[in-house]
Amino acid sequence: MAKRPARQFACRACGAVYPKWMGQCEACGEWNTLEEIAVEPLAASSPRASSKGRRVKLEGLEGMAAPPPRIQTSIAELDRVLGGGLVPASVVLVGGDPGIGKSTLLLQAACKLAAKSERVLYISGEEAVDQIRLRALRLGVGQATLDLAASINVADIVATLEAEPDVRVVVIDSIQTMWLETVESAPGSVSQVRACAFELIRLAKRKGFSLILVGHVTKEGALAGPRVLEHMVDAVMYFEGDRGHQFRILRAAKNRFGATDEIGVFAMTDRGLEEVSNPSALFLAERRGNIAGSAVFAGLEGTRPVLLEVQALLAPKSGDNAPRRAVVGWDSGRLSMLLAVLETRCGVKLSGMDVYLNVAGGLKVAEPAADLAVAAALISAATGMPTSAGEVYFGEVGLSGEVRQVSQADARLKEAAKLGFDKAVLPRRIARGSARTKPPEGLTLREIGHVADLVTADMEAD
Ligand code: TYD
Ligand code: MG
């Protein structure tokens, strides 16, 4: 039998476990994130394990009762990301940088739920009850019949929840402040965070309430990040955004009860988070027409079309240094590829230039469909000719410069028409006459087969 390790170490950033201490975590590459954790109990098969296992009941696939209805929070953007609302007896982890708005969002959601006469408990380990009351007043939800508590002691919280009847939703803000007496390490350590989450999750499953755990993402410092809990919970959501920008995005990273590619968009205002049901209008609000180096990308976030402005800036590189390639909101490897394609296949000279690329508003784009918009922005920056203000772009660009099909063209076109755009540049249909529904009213389509077509169009327009 393999000898049980005497000590174990876990990474605070990603939760990977090692038998010895190392300076760098091999799994996530972070430095100085390993800490000693309590060694896990013996495996059940071990001869030293004391109690013998009982037989479990085996069942067939059929015979399930109808699932209990979801608990809708009445915040549509949140419900969308959850996959239609909270599932009873499930656990959702909401992660995000400190100060991004997790407590605000969950307090608002808790109050909305309470207003629908659901029994909701909001337990904070970070703020006193009066502070939460003040925040609720500021958010204009001070009248809700919410049950508040300030506690960090999980044993107390469990005892309270055991005794309270009809609890439907429990918010724990945050899991890193929670503490179990039986675990010998400080709050926020991997062992504490895991043990506290385990206790609370077990209770949620047994009592049938929905549990929402808040977890701060910590780049450095001594706190265990939400990733050490990802495998223990049913859904993981990250609340993202740039503190300098008003809007926030809630993104599902894992969801046992729904799709993971949905996003919820919010704007942080002086009265809390407001839902943004039309994100394109928000992202394009500050766009100035008639500036070279800008192009509008008709993108998709999950199932939702979103229009975004891509900005490119070129400047002559200084001295003998290698040219700079700085990218915000897009993949830098993809930018290098596109620059090479433009240079080699379209004769656009960019190698002597520093290139800066930015997706305005702070959103991160992962779709290859953005290639064409990025190419248009780069060509526009290189030629000094603005793209037309009423134009949107989408399409993937291949290494030979060919423009490839992307999914959901119709949804993208519809969104563009809705926001008043009048022209879309998109990939050419593969087979002539293949199915494409009529473009929406007021939108003309320009189908191109090669990125070089963008360059010639600019010449023609000249
Ligand atoms: P908070 O929800 O406390 O963040 P987290 O729980 O993720 O740490 O949000 C704090 C920030 O939000 C704070 O910097 C101020 C801002 N804020 C507003 O702009 N408007 C508001 O109505 C509220 C409540 C907070
Ligand atoms: Mg908070």
Side-chain angles (χ1 to χ4, degrees), residues 73-75 77-78 81-82 92-115 120-144 146-152 154 157 169-179 187-188 192-193 196-197 200 211-227 229-230 233 235-253 263-276 282 285 361-362:
T73 62
S74 305
I75 299 181
E77 296 291 307
L78 176 58
V81 183
L82 287 167
V92 180
L93 174 67
V94 178
D97 291 333
I100 206 71
K102 301 179 295 297
S103 304
T104 308
L105 175 69
L106 293 177
L107 187 61
Q108 282 179 277
C111 291
K112 285 242 181 183
L113 280 166
V120 186
L121 263 65
Y122 186 99
I123 300 169
S124 178
E126 305 196 333
E127 287 165 301
V129 168
D130 276 338
Q131 281 175 302
I132 306 170
R133 286 196 185 119
L134 265 179
R135 187 196 291 250
L137 272 183
R138 201 146 81 80
L139 297 172
V141 290
Q143 314 309 318
L146 192 63
D147 285 304
L148 300 177
S151 172
I152 61 164
V154 173
I157 294 171
V169 179
V170 175
V171 179
I172 301 283
D173 186 5
S174 64
I175 191 66
Q176 281 122 337
T177 54
M178 295 295 143
W179 178 73
Q192 275 291 1
V193 164
C196 294
L200 292 165
L211 176 64
I212 304 177
L213 301 174
V214 173
H216 294 295
V217 171
T218 50
K219 298 254 156 47
E220 63 262 350
L223 289 188
R227 285 195 56 198
L229 295 178
E230 277 184 357
V233 299
V236 179
M237 253 138 242
Y238 283 99
F239 206 36
E240 304 169 351
D242 193 303
R243 217 105 43 98
H245 286 102
Q246 199 195 12
F247 76 87
R248 304 278 182 271
I249 289 171
L250 188 68
R251 205 184 278 279
I263 61 162
V265 185
F266 299 87
M268 180 61 96
T269 68
D270 56 353
R271 303 202 61 223
L273 289 155
E274 266 166 28
E275 294 181 59
V276 177
L282 179 76

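First listed ligand is number 1; within each ligand, the first listed atom is number 1. All values reported here derive from a predicted model rather than from experimental measurement.
Which of Arg135, Gln246, Glu274, Lys102 comes nearest to atom 3 (O) of ligand 1 through a heavy atom is settled by distance: it is Arg135.
There is no protein heavy atom less than 4.0 angstrom from atom 15 (C) of ligand 1.
For the pair Lys102 (side chain) and Gly96 (backbone), a donor-acceptor distance under 3.5 Å is present. Panel note: side chain Glu275, backbone Phe266; no donor-acceptor pair is recorded below 3.5 Å. Between the side chain of Glu126 and the main chain of Thr177, no donor-acceptor pair closer than 3.5 Å is present. Without hydrogens or angle criteria, Gln176 side chain to His216 main chain gives a donor-acceptor distance under 3.5 Å.
In this structure, atom 4 (O) of ligand 1 lies nearest to the protein heavy atom Gly101 N, 3.1 Å. Closest to atom 19 (O) of ligand 1, if we only count protein heavy atoms, is Met268 CG, 3.4 Å. The protein non-hydrogen atom at the shortest distance from atom 23 (C) of ligand 1 is Arg138 NH2, 3.4 Å. The shortest contact between atom 11 (C) of ligand 1 and any protein heavy atom is with Gly99 O, 3.5 Å. Counting only heavy atoms of the protein, atom 2 (O) of ligand 1 lies nearest to Thr104 OG1, 2.5 Å. For atom 6 (O) of ligand 1, the closest non-hydrogen atom on the protein side is Ser103 OG, 2.6 Å.
Close contacts of ligand 1 with His216, meaning ligand atoms under 4.0 Å from a residue heavy atom, involve 8 (O). For ligand 1 and Leu139, the ligand atoms under 4.0 Å from any heavy atom of the residue are 22 (O), 24 (C). Residue Pro98 has at least one heavy-atom neighbour below 4.0 Å for each of these atoms of ligand 1: 8 (O).
In this structure, Arg135 and Glu127 have side chains that are in contact, with non-hydrogen atoms separated by less than 4.5 Å. The shortest side-chain heavy-atom distance between Asp97 and Tyr238 does not fall under the 4.5 Å cut-off. When side chains are defined from C-beta on, Val154 counts as touching Leu200, because their heavy atoms get closer than 4.5 Å. When side chains are defined from C-beta on, Pro226 does not count as touching Val236, because their heavy atoms never get closer than 4.5 Å. In this structure the side chain of Cys196 reaches within 4.5 angstrom of the side chain of Ile175, judged on heavy atoms. At a threshold of 4.5 Å between non-hydrogen side-chain atoms, the residues Ile123 and Val170 count as touching.
Proximity of Asp270 to ligand 1, defined as any heavy-atom pair under 4.0 Å, is confined to the backbone N, CA, C and O atoms.
With a cut-off of 2.8 Å, the protein N/O/S atoms near the Mg ion (ligand 2) add up to 1.
One side chain, Ser103 or Asp173, offers a donor N or O that lies under 3.5 Å from an acceptor on the other.
The closest approach between any non-hydrogen atom of Gly96 and ligand 1 is not below 4.0 Å. Distances shorter than 4.0 angstrom occur between a heavy atom of Thr269 and an atom of ligand 1. The closest approach between any non-hydrogen atom of Glu126 and ligand 1 is not below 4.0 Å.
Of all heavy-atom pairs between Ala109 and Leu78, the closest is CB-CD2, 3.8 Å.
Salt bridge annotation for Glu240-Arg248: absent, with no cationic side-chain nitrogen under 4.0 angstrom from a carboxylate oxygen.
For ligand 1, the polar-atom distance check against Gly272 finds a nitrogen or oxygen pair separated by under 3.5 Å.
Enclosure of atom CD in Gln131 by more than 12 non-hydrogen atoms of other residues, nucleotides or ligands within 6.0 angstrom is indicated.
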